[in-house]
Structures are given as structure tokens and as C-alpha cells.
Amino acid sequence: MLGDRDVRKMIEKTFDKIYDNLEHISNKNDPDIIHVLEASRCTRLSYYERKDPNSAPGNANKVSILLKDGIRRSFSNVEGEYKVDNLIIQGTADTIVDNQYVVRFELVSKLPETSHPRDLLYLNACLFIFNKIDGVLIYMTPEGQTLEFFVTKNNRMFEEVVRRARILSTLLKENKVPIIEPSDLCLNCKYYERCYYRERKISTLSLESLFGRGKKE
Ligand code: SF4
């Protein structure tokens, strides 16, 4: 407390405000416009974010998302779109190097062994949106370690993004919640409790009593 003002609360409110303006997704009310981010991640999460968003995630998650966005903002953030019939797929590249390579950064706590499918889908879709052949996916840790993966334009992966974007667009129009897509993303997802039961921790039950061994001995 500083005087009669709760400084921590004031800072949290400021964080919330910045966080609310964060996502690069515009036209959230138009189901015919889907951002690649929405189609490449869990479509159920994207649906909730549009139709019935939870308040911002916990402070630790919020700070990590703000850090990622801070890094993104230091690049040029190129926006583009791709039309497929009546559907518009929007995408944001972090930067395009030499007017040739589309670059996407992902801030991670630990460098992965291989690239994550949703990051590949995102970057590949950007290659179609910006009409480029090659892309670079760069994973970075807060300590500054980096790992790059090169991606070449792939039709099948883009068809998958279009398919997912169409499904999301249709379900948004019909007010139907997409199916659960179990993945590692669920563990830190703010909609976990809407998709799964919250597990109860059992502290008094031992494995021995559960399997009856304790009784015999
Ligand atoms: S908990 Fe998993 S399935 Fe549910 S919205 Fe989040 S990421 Fe999707």
C-alpha cells in the first residue's frame, strides 16, 4: 500500500487493460473472417474467446503473454489476408526478411526437440497469405537461446488451416461449441474447467488402501 492506494491492484488493472487490447485479431464479430491464430490453435478456445470469453488468465500467464507480445511488437508485424470463397483468413507475420522469408517467433521456457504442429500450421498459412515460398520459425527462451526451423510452403497443411477455419466459421454462425481438442495447451488453458471436470486431490487415500493391500497385512 502506498498511502491509501493499493499499488499492486493499480498495476494489475493496467496489465489487464494492456492485455485486453492484445490479440491481433480484428473483426471478432464477423464469422467470415478468421485469423490463422484461431484456426491453428484449439478451435474450441477460439470459439470461447469470441462468444463467451473468460476474464484474463492468472497473473503469471498474463505476464508471459505480455512479454511475448512485447517481443512481437519490436518487429514489423506484417498483416495480410487470403480469400477462399466467402471466407477471409487473416495472418500476422512477425517480419519478412529480404522480402523473401516469413519469420515467426515463439517465446518458450525450454527449447523444443521439434517444432509444434500449431506453429507450423500458422507459419505455413502465412506463406500463402504473403505469397512466399520459405519461412523461418524461431523458438526463443527468456535466456536468449534460440532454435530455428525452416518451413517450405505446403498445400496440404494450408488446406488443413482452411478446413479448420471453415468449421470455426460455421460453428460461430450456428452458435455451436467446437469439440474438445485435448493437447498440452489444455493444461494452462483458462477454459480447462469448461472442457473437463476439475480433478479433486485425494490426500488421505494411499495406493495400498486403494488396491486392498493394507487390509491383508
Ligand atoms: S481446455 Fe483444451 S480443449 Fe478446452 S478450450 Fe482449452 S485448449 Fe481447447
Side-chain angles (χ1 to χ4, degrees), residues 12 15-16 18-69 71-72 87 89-92 94 104-126 137 139-142 149 151 156-202:
E12 278 176 12
F15 269 16
D16 286 348
I18 302 168
Y19 181 84
D20 288 344
N21 296 324
L22 247 185
E23 284 191 323
H24 295 283
I25 302 167
S26 51
N27 301 304
K28 274 192 171 178
N29 295 326
D30 187 344
D32 285 323
I33 302 176
I34 302 289
H35 195 280
V36 183
L37 178 69
E38 296 178 290
S40 57
R41 70 183 174 189
C42 168
T43 50
R44 188 172 172 109
L45 190 162
S46 301
Y47 178 95
Y48 283 145
E49 285 289 63
R50 284 208 187 196
K51 291 278 186 182
D52 184 16
N54 259 2
S55 52
N59 272 342
N61 276 345
K62 225 182 301 169
V63 171
S64 135
I65 293 167
L66 285 173
L67 280 174
K68 276 188 197 177
D69 192 68
I71 291 172
R72 290 238 148 83
L87 185 69
I89 298 179
Q90 292 182 327
T92 314
D94 289 326
R104 174 86 181 165
F105 289 93
E106 291 297 334
L107 190 65
V108 289
S109 51
K110 197 174 147 224
L111 292 179
E113 302 256 310
T114 184
S115 47
H116 196 287
R118 68 172 170 265
D119 301 332
L120 288 179
L121 287 178
Y122 188 107
L123 179 56
N124 183 62
C126 285
L137 175 60
Y139 288 100
M140 285 190 315
T141 67
F149 292 94
V151 177
R156 273 183 39 208
M157 279 207 296
F158 186 56
E159 280 162 17
E160 178 60 17
V161 166
V162 174
R163 187 187 72 80
R164 293 173 61 80
R166 269 196 210 291
I167 292 172
L168 178 59
S169 168
T170 306
L171 295 177
L172 284 166
K173 287 178 196 165
E174 294 175 356
N175 289 317
K176 287 185 184 158
V177 182
I179 56 164
I180 290 172
E181 295 183 34
S183 77
D184 59 328
L185 201 67
C186 299
L187 295 174
N188 294 314
C189 177
K190 55 181 174 168
Y191 301 109
Y192 185 98
E193 287 184 36
R194 290 195 200 175
C195 299
Y196 308 101
Y197 290 110
R198 175 57 74 188
E199 72 275 24
R200 281 187 299 142
K201 287 192 181 132
I202 308 168

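Sequential numbering from 1 along the given sequence is applied to the chain's residues. Counting convention: from 1, in listed order, for ligands and their atoms alike.
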So, the side chain of Arg164 versus the backbone of Glu38: is there a donor-acceptor pair under 3.5 Å, distance only?
no

Between Arg166 and Glu159, does any NZ, NE, NH1 or NH2 come within less than 4.0 Å of an OD or OE carboxylate oxygen?
no

Tyr48: what forms a ring-ring contact (aromatic ring centres under 6.0 Å, His included) with it, not counting sequence neighbours?
Tyr191

Checked atom 6 (Fe) of ligand 1: protein N, O or S atoms closer than 2.8 Å come out as Cys189 SG

Partners meeting side chain to side chain contact (heavy atoms under 4.5 Å, CB included) with Arg163 (sequence neighbours left out)
Glu160, Ile167

For Cys42, all residues meeting side chain to side chain contact (heavy atoms under 4.5 Å, CB included), sequence neighbours excluded:
Arg44, Leu45, Glu181, Leu185

Does a donor on one side chain and an acceptor on the other come within less than 3.5 Å for Arg41 and Ser46?
yes

